[in-house]
Amino acid sequence: QVQLVESGGGLVQAGGSLRLSCAASTLTFSRYTMAWFRQAPGKEREFVASIRYSGMITNYADSVRGRFTISRDGAKSTLYLQMNSLKPEDTTVYYCAADRWGAGARESHDYDYWGQGTQVTVSS
């Protein structure tokens, strides 16, 4: 059974940084495009960033471009999201997702597997 386990969330002041991690197991990591989404209570899941299975192509939501960086480590089967210059509006639960041979889509329904989420809270 595929498992995606996020970690690294927490409480940080506005302007601060956090790095999220997503450890993948029982899947061939190199075959999966990976992504980060976030979802606030009562709202739809929102695309944050994606990185192709090759690791060569990334895609970002306008709201985070220039502040967040997505990366992956194939040797560790781990996805990362470096979040800098955090804002209170970045507060929500962040999820990682996997899409086999995916094109880095922004739609959540394109992704096959999901983690359980990690809470990020940015205080003003």
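Starting from 1, each residue takes its place in the sequence as its number. Model, not experiment: these values are computed from the prediction.
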S.K.: Under 4.0 Å between a side-chain nitrogen and a carboxylate oxygen: does that hold for Lys87 and Asp90?
M.R.: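 Answer for the salt bridge query: no.
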S.K.: Around atom CD of Glu89, are there more than 12 heavy atoms from other residues, nucleotides or ligands closer than 6.0 Å?
M.R.: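 Above 12, so yes.
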S.K.: Is it the case that one hydrophobic cluster holds both Tyr60 and Tyr111, taking links as side-chain heavy atoms less than 4.5 Å apart, direct or via other members?
M.R.: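 Not linked; separate clusters.
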S.K.: Does the separation of the ring centres of Phe47 and Phe37 fall below 6.0 angstrom?
M.R.: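 Judged by ring-centre distance (under 6.0 Å), Phe47 and Phe37 do meet the cut-off.
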S.K.: Verify the cluster assignment for Leu4 and Ile51: are they in a single hydrophobic cluster under the rule of side-chain heavy atoms below 4.5 Å apart?
M.R.: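 Yes; Ile51 is reachable from Leu4 via cluster members.
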S.K.: Please tell me whether Arg31 and Tyr53 have a donor and an acceptor in their side chains that are separated by less than 3.5 angstrom.
M.R.: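 Per modelled atom types, Arg31 and Tyr53 side chains form no pair under 3.5 Å.
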S.K.: Nearest 0.5 angstrom please: Cys96 SG to Leu81 CG, how far?
M.R.: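 One gets 10.5 Å once the value is rounded to the nearest 0.5 Å.
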S.K.: Does the side chain of Asn84 pick up a donor-acceptor pair with the side chain of Ser17 at under 3.5 Å?
M.R.: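 Short answer, yes.
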S.K.: I need the Glu46 CD to Ser108 OG distance, nearest 0.5 Å.
M.R.: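 That separation rounds to 11.5 Å.
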S.K.: Is Val120 linked to Val48 within one hydrophobic cluster, defined over Ile, Leu, Val, Met, Phe, Trp and Tyr using a side-chain heavy-atom separation of less than 4.5 Å?
M.R.: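 They do share one cluster, since a chain of ILVMFWY contacts under 4.5 Å joins Val120 to Val48.
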S.K.: Parallel, tilted or perpendicular: which fits the ring planes of Phe68 and Tyr94, with parallel below 30° and perpendicular above 60°?
M.R.: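 Plane angle between 30° and 60°, so tilted.
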S.K.: Is the charged tip of Arg38 near the ring of Tyr95: under 6.0 Å from the six-membered ring centre and within 45° of its axis?
M.R.: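 Pair Arg38/Tyr95 does not count as cation-pi.
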S.K.: Quick one: is the NZ or CZ of Arg52 closer than 6.0 Å to the six-membered ring centre of Trp101, and within 45° of its axis?
M.R.: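 No.
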